Undergrad: 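Right, I'll just put the structure down here and ask away after.
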Amino acid sequence: MTDDKITRPQISTHMPSGSPSSLPLGLAERGYSGVIQHLSASDAGSALSDVELESRLIELGFVEGAKVEILHEGIVGRDPIAVRVDNVTIAVRRREAMAIIVA
Amino acid sequence: MEAPLLHLALVGTPNSGKTSLFNALTGSRQKVANYPGVTVERKEGFFVTPLGRQVSVVDLPGTYSLRGRSPDEEITRDIVLGKASGETRPDLVLCVADSTNLRLTIRLLLELKRTGRPIVLVLNMFDIATRRGITVDVAQMANALDVPVVTSIAVRKGGTADLLKLTDEISAQIQPEPQENTWRPLSVAELRATQREADRIIASTVSLPSRPDTWTARIDAVVLHPVGGLIVLALILFVMFQAVFAWAQPLMELLSSSFDALGQFVHDTLPAGLLQSFLQNGVISGVGSVIVFLPQIIIIFLFILLLEDFGYMARAAFLMDRIMGGAGLHGRAFIPLLSSFACAIPGIMATRVIDNRRDRLTTILIAPLMTCSARIPVYTLIISAFIPAKQVWGFVNLQGLVMFGLYAAGITSALLVSFLIKFFMLRDYAPAPFMLELPDYKMPRLKSIAIGIFTRAKMFLQRAGTTIFSMMVLIWFLASFPQPPVGAADPAINYSLAAILGKAIAPLLAPVGFNWQIAVALIPGMAAREVAVAALGTVYAIEGGKEAAEQIGQVLATKWSLATALSLLAWYIFAPQCASTLAVIRRETGSWKWMATTFAYMLALAYAASLATYNIAVALGAG
Ligand SMILES: Nc1nc2c(ncn2[C@@H]2O[C@H](COP(=O)(O)OP(=O)(O)OP(=O)(O)O)[C@@H](O)[C@H]2O)c(=O)[nH]1
Ligand SMILES: [Mg+2]
């Protein structure tokens, strides 16, 4: 891993959906549950291209309107996280989860 | 005239039960386990439908889309699109879904429809869905999707009857004229649209009770706890390695004394001479000394199979992701590495699920450092000859502890090598994402565990009967000829080819404390690690002369110093003593270069480790 800190952008710059309570899933705490507002791959800083990251997230069921809940997190940097998406559990790193905007 | 062979392909999201279905249809015994990414190659099988139609079916790696992001997914894509060379496009695609989790499969199905192939949706694991109170309006779903839909329970006898019936009905109507393939990689917008469409269809045909799998949630609360989970993982590994040593002991002693008795019987019944020596020293001491380890091999496989079937492997990968990341490894590397404790070959194949090329290569390079089951005979032999079987701290068996230490040394060095690769070769490298479905736990099924163990035991015995046996014949021959001149004073073996060869190489190995007998054993040991044990058995049995066969361990204890024994243990942590592993590395990386790299770096590490171990041990007075 080149850097262990998840870059935590200012929440205020990340409210493209306009809802005051929306945040990237990558910043949410364990136990958080919400609904996906939209995907914003360019905010994630993933090694994947924006299109590729967005495609993969959709293929794993992360689409607008899906219910998500953070069930578990790892020990190093509270990463990765285990996310319940509807009725599947998927492990992702917080870095990629930054692309998932929830509220 | 007979109808032509009907070609089916099993496609679906990972872990939906494709291989279970394949096994049920064809009576095969391909590997099934409860984590995504078990199948990494194409496997073909055949069966006959109730109406007598001959069918060929291919089992494929699971995938979420046809984009083919990793080597295993490319296999599936190429078969479905008919791009694989020498492959017929499937006449019918069976899209296999986990009925408790339909969203992703139905999206995949909508994508598959664009290939123009006739499709059937198989709602597998319908038993679990029913138990959870999920109901599916099958007829309406078939209507909405415009494909036939059938339910199945792949792991239950008769659970595929409906599918077989449907196959007969459909095969009668399949049009031979080619349908247009309009598939091309889906854009993000199209992906989203197909997922929306899938969700809409599910909403109108499936009713989900709000009763999630509470068992999985309860177990995960412990097993995925940030701290507790790691403790559980460490405990599991510790118990596994202790068990390999402690539980197997009685059975191994039984086997070993039976072989001794057999050797004695041959000794007593046959006249002294070449035939007696061949049977007693070559076959029974050699091959027998390897077969003795069967109980240990079975125990390690039992543990790994149980973890795999229960659904723990994906959890372990989750827990280890960031920790392994520190050493430059990807979380998905965990399962291949853990499988390498059984054997590096399936471990290396399993790296196909890693989509990033560099992550995959690193994993392949270090997989052979994981202590595979073929090292167990070598370790056990030396440990039981040189390490006293006492209890430490009241409950831990010292021999088991040394065994655990050897496993730990393998793991540590693998992490170190990976760290160095990352540091020196791949510095500017952004970590590839880790995305993995964590399946619900399933009760391991006795039958599949039994089949798994039986298959492994059979493979082990087959190897003992073929590779190891033929190596033994060779060694026995080398160690017996030429015969000593009449009236020679030294043991006969000193005049043999083996001694000449061994003594020629021995100077190279003298700095690490190996004698010529070890040198002789290491050469055939290149074919497979256990062979070295068998070779030592034969060489020392012949050297020991015609006295009743002593157990090889007891012989070693008198012939070697502790320093030599420790040095050989260190050697085996690293040495690339396995021709098949090297061949698989060559195949999976597609290059001789990486095979040679693996061989060279492991050999260098082995020599260095043995050199250090030997000299330190001698300095401490163990020479
Ligand atoms: N209860 C139940 N379990 C099933 C059924 N089909 C498969 N399983 C279990 O589901 C798990 C996954 O089965 P596999 O056949 O390995 O799945 P796969 O689709 O081949 O998985 P990959 O090769 O990883 O894509 C195993 O633990 C099976 O025992 C079923 O119909 N009912
Ligand atoms: Mg499979």
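It should be emphasised that the depicted structure is a prediction, and the values quoted were computed from it without experimental measurement. Heavy-atom basis, side chains included; hydrogens, waters and symmetry copies ignored. Order of the sequence lines sets the chain letters (A, B, ...), proteins ahead of strands, with each chain counted from 1.
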Undergrad: Is chain B contacted by the side chain of Arg56(A), its backbone, both, or neither, given a heavy-atom distance below 4.5 Å?
TA: both
Undergrad: Hey, is Arg69(B) close enough to Glu52(A) for a salt bridge, meaning N to O under 4.0 Å?
TA: no
Undergrad: Going by side-chain contact (heavy atoms from CB on, under 4.5 Å), Val63(A) matches just one of Asp199(B), Thr194(B), Leu191(B). Which one?
TA: Asp199(B)
Undergrad: Should Pro433(B) and Val92(A) count as side-chain neighbours, where that means a heavy-atom distance under 4.5 Å?
TA: no
Undergrad: How long is the gap from CD1 on Ile58(A) to CD on Gln195(B), to the nearest 0.5 Å?
TA: 8.5 Å
Undergrad: Any donor-acceptor pair under 3.5 Å linking the side chain of Asp321(B) with the backbone of Pro80(A)?
TA: no
Undergrad: Would you name the heavy atoms of Ser65(B) and Glu59(A) that are closest together and state the gap between them?
TA: OG-OE2, 3.1 Å
Undergrad: Drop me the distance from Thr13(B)'s OG1 to Leu60(A)'s CG, to the nearest 0.5 angstrom.
TA: 10.5 Å
Undergrad: Can you tell whether the side chains of Asp220(B) and Arg84(A) come within less than 4.0 Å, N to carboxylate O?
TA: no
Undergrad: To the nearest 0.5 Å, how far apart are CG in Leu208(B) and CG in Asp86(A)?
TA: 8.5 Å
Undergrad: Name the region of Leu71(A), side chain, backbone, both or neither, that has any atom closer than 4.5 Å to a heavy atom of chain B.
TA: neither
Undergrad: Which value, rounded to the nearest 0.5 Å, describes the distance between Met435(B) atom CE and Phe62(A) atom CZ?
TA: 7.5 Å
Undergrad: Looking at Arg192(B), His225(B), Glu437(B), which one has more heavy-atom pairs under 4.5 Å with chain A than the rest?
TA: Arg192(B)
Undergrad: How many angstroms lie between atom OG1 of Thr89(A) and atom CG of Asp440(B), to the nearest 0.5 angstrom?
TA: 6.5 Å
Undergrad: Quick check: are there more than 12 heavy atoms from other residues, nucleotides or ligands sitting under 6.0 Å from CZ of Phe419(B)?
TA: no
Undergrad: Return the CD1 to CD1 distance between Ile323(B) and Ile75(A), rounded to the nearest 0.5 Å.
TA: 6.5 Å
Undergrad: Can you check whether Val88(A)'s main-chain N or O pairs, donor with acceptor, with Arg103(B)'s side chain at less than 3.5 Å?
TA: no
Undergrad: Locate the shortest heavy-atom distance separating Arg93(A) from Gly331(B); write the atom from each residue and the value.
TA: NH2-N, 4.2 Å
Undergrad: Is it the side chain or the backbone of Glu96(A) that comes within 4.5 Å of chain B heavy atoms, both, or neither?
TA: side chain
Undergrad: Please classify the contact of Leu102(B) with chain A as side chain, backbone, both or neither, using a heavy-atom distance under 4.5 Å.
TA: neither
Undergrad: Taking everything shown except Arg357(B) itself, do over 12 heavy atoms lie less than 6.0 Å from its CZ?
TA: no
Undergrad: Of the non-hydrogen atoms in Ala91(A) and Phe318(B), which two are nearest, and what is the gap between them?
TA: CB-CD1, 3.5 Å
